[in-house]
Protein chains: 2
Amino acid sequence: MALLSVLTPVLALVLCMVAGFLFLKSRAPQSNLKEGGQGKGPSKSGFRPWVDQDLQDDTILAEGGGDEDEWVENDEEKELAHVPYSPQRYPEEAMLQRSSDFYCLMNQRRSVRFISPEPVPREVINNVILTAGTAPSGAHTEPWTFVVVSDPETKHQIRLIVEEEEEVNYRQRMGDKWVHDLAPLRTNWIKEYLDVAPYLILIFKQAYGILPNGKKKTHYYNEISVSISCGILLAALQNVGLVTVTSTPLNCGPQLRLLLKRPANEKLLMLLPVGYPAADATVPDLKRKHLEDILVAI
Amino acid sequence: MALLSVLTPVLALVLCMVAGFLFLKSRAPQSNLKEGGQGKGPSKSGFRPWVDQDLQDDTILAEGGGDEDEWVENDEEKELAHVPYSPQRYPEEAMLQRSSDFYCLMNQRRSVRFISPEPVPREVINNVILTAGTAPSGAHTEPWTFVVVSDPETKHQIRLIVEEEEEVNYRQRMGDKWVHDLAPLRTNWIKEYLDVAPYLILIFKQAYGILPNGKKKTHYYNEISVSISCGILLAALQNVGLVTVTSTPLNCGPQLRLLLKRPANEKLLMLLPVGYPAADATVPDLKRKHLEDILVAI
């Protein structure tokens, strides 16, 4: 009884400390996502990787960011000249025609999962990548790397990685709702185009930069910037009659990064197989929204 | 003493329950970000709104997502036909020329902060918006709303909101590092173009959809999808000789959503002032990376 009357206050004190610790922990940002996946068996109702993956990379890096030591110490940048800008101007009639023609061109673009093995001139791909690189980016950081894979063995390795993860995605991680929502598109974990397409373009976002002195450089809005760049890339592909599908292979990023020997500051954002469409290519008969459904005029 | 020997075990039990509760809470996703801002005085080293804002909207909604009741119950979708797809094909020489011409066009695009008040034909803007709407999106959800403002009073209200928040951003929230990194671009919180430009295009992402029966529809990868759409929009603007600057007005989203009477599922992603460049427009003399800096060929 005496022992109990001593131990119980001690236990109460220990529990106070535990409760205090957990309370403080629950107020801190979550940064315990490990590279390599979402962890085992996440509950399906809480599984939203299109948000979590946005966060996954940057959160880990945030822990080390923000010190004075990591500033971009470059006085030359501050003296950047500002120069006149006077781009091409078109008469109104030409603007109407050009805007209409470009809309027609882009409205023909579809995501295509059946790609021909026929080779595509490398220079065309280079021009497409250069075009993507004209995108705006936060503080002009240009936080993108385009890995263009044509080597058959590497493409096959990519396919093995993606299909293995996608099968788990479809069978387990995505959950019934997501699989259901994709049903009209008739997708599954078999991605034959990864072997067949002449090029695979893997778009990596640079979550931060590395300066010559080894210090980190902040890449503001890097995911939005790289996604904007992807939009311009898609326009460039459509412009030359090439097709692709904009895929975001869930949980494949780290393995692909290692396979392609990309550094730790790069995270896979999208994988685009590129080529001519297969002769028997099909697409789901989807319709796009009308102007009044997407535009609000004030 | 007798009272103490009764109360202390009770206290221990209560503390166990509190500790257990906090432990479970610390394992759940964080969803305590309020609409309206990041909270008061965030530490500058932890302030990364380009990540937090990605999360901010969707996390709040996650709490209510995932129930069976909210499925897209639409059997018609499952029976969507798949149709042959055979787009325009160009000879290799034409592909080379087209890809080179499009690169030249897009390489002339710059972010321009000095816009002329000269009117722009509405139909051109409509075509540009339609073109943006041809972007791919997660599960074809098309999670975008383009609010096109030409009313001078509304533009002025937008300017007041943006400048007020931007002044706080520049003076406090962004921190010295971010302000330093922007110095070469000579930006500040004065945004004259918001009054002057004939159109302001505010791009809202729909964090989730609302079905006719009032239930929620998941919008997979909505932020990436809308950003891709923005890239296509920028290409469409460049194609007709119009200029813009791709701005992400920090902390202005909720106020602008209310001003423009957008529903709660819509969150402001980007604000683009659109028009012809001012006669004396200037741009910072920035250079773009070369092909070998952005492309890795395997």
Side-chain angles (χ1 to χ4, degrees), chain A residues 8 11-12 15 18-19 22-23 25-26 45 50-51 54 58 66 77-78 80-83 85 89-90 95 98-99 102-103 106-107 111 124 127 129-131 133-134 136 139 146-149 181 183-184 221 224 227-228 231-232 235 239-241 246 281-285 294-298, chain B residues 8 11-12 15 18-19 22 25-26 45 50-51 54 58 66 77-78 80-83 85 89-90 95 98-99 102-103 106-107 111 124 127 129-131 133-134 136 139 146-149 181 183-184 220-221 224 227-228 231-232 235 239-241 246 281-285 294-298:
Chain A
T8 316
L11 175 64
L15 285 167
V18 170
L22 287 169
F23 177 65
K25 186 181 172 203
S26 74
S45 65
W50 57 94
V51 173
D54 287 358
D58 300 273
E77 274 200 14
K78 284 184 192 168
L80 197 63
H82 281 235
V83 297
Y85 180 70
R89 169 129 179 194
Y90 309 94
M95 291 173 75
R98 289 176 67 91
S99 65
F102 192 62
Y103 168 54
M106 292 306 294
N107 200 30
S111 293
V124 172
N127 285 341
I129 299 298
L130 277 169
T131 309
T134 67
F146 301 92
V147 180
V148 180
V149 182
D181 288 346
Y221 297 102
I224 291 177
S227 300
I228 288 175
I232 293 174
N239 178 57
V240 292
T246 314
T282 60
V283 292
D285 194 19
I294 66 175
L295 185 151
V296 174
I298 296 178
Chain B
T8 318
L11 175 64
L15 285 167
V18 169
L22 288 169
K25 185 180 175 204
S26 75
S45 63
W50 58 93
V51 173
D54 287 358
D58 299 89
E77 271 201 19
K78 285 185 191 163
L80 196 63
H82 281 232
V83 295
Y85 180 70
R89 169 128 179 195
Y90 309 93
M95 291 173 77
R98 289 176 68 92
S99 65
F102 191 62
Y103 168 54
M106 292 306 293
N107 201 30
S111 292
V124 172
N127 285 341
I129 300 297
L130 278 169
T131 308
T134 67
F146 301 92
V147 180
V148 179
V149 183
D181 287 347
Y220 308 95
Y221 297 101
I224 291 177
S227 300
I228 288 175
I232 293 174
N239 178 57
V240 291
T246 313
T282 60
V283 292
D285 193 18
I294 65 174
L295 185 152
V296 174
I298 296 179

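We name chains A, B, ... by the order of the sequence lines, and we start the count at 1 in each one. All values below were derived from every heavy atom in this structure, side-chain atoms included, with hydrogens, water molecules and symmetry-related copies excluded.
- We find the NE2-CG distance between B:His82 and A:Asp285 to be 9.0 Å, quoted to the nearest 0.5 Å.
- The shortest distance between side-chain heavy atoms of A:Phe146 and B:Val296 does not fall below 4.5 Å.
- Heavy-atom pairs under 4.5 Å with chain B peak, among A:Ser111, A:Gly231, A:Ala235, A:Gly241, at A:Gly231.
- For chain A, the option among B:Thr282, B:Ile129, B:Val147 with the highest count of heavy-atom pairs below 4.5 Å is B:Thr282.
- For the pair A:Val283 and B:Val83, the minimum side-chain heavy-atom distance is below 4.5 Å.
- Minimum heavy-atom separation, B:Ser99 to A:Thr131: O-OG1, 4.4 Å.
- When all heavy atoms of B:Ile224 and A:Ser227 are compared, the pair lying nearest together is CG2-OG, 3.7 Å.
- Within the 4.5 Å cutoff, side-chain heavy atoms of A:Thr134 are placed close to those of B:Tyr103.
- The nearest pair of heavy atoms linking B:Asn239 to A:Arg98 is O-NE, 2.6 Å.
- With values rounded to the nearest 0.5 angstrom, A:Met95 atom CE is found 10.5 Å from B:Asn127 atom CG.
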* Verdict with supporting geometry, B:Val148 and A:Ile298, side-chain contact (heavy atoms from CB on, under 4.5 Å) -> CA-CA 6 Å; B:Val148 179; A:Ile298 296 178; over 6 Å; no
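- Contacts with chain B were tallied for A:Leu130, A:Asn107, A:Val149; A:Leu130 has the most, counting heavy-atom pairs under 4.5 Å.
- The shortest heavy-atom contact between B:Pro284 and A:Leu80 is CB-CD2, 3.9 Å.
- Between the OG1 atom of A:Thr246 and the OH atom of B:Tyr221 there is a distance of 12.5 Å, given to the nearest 0.5 Å.
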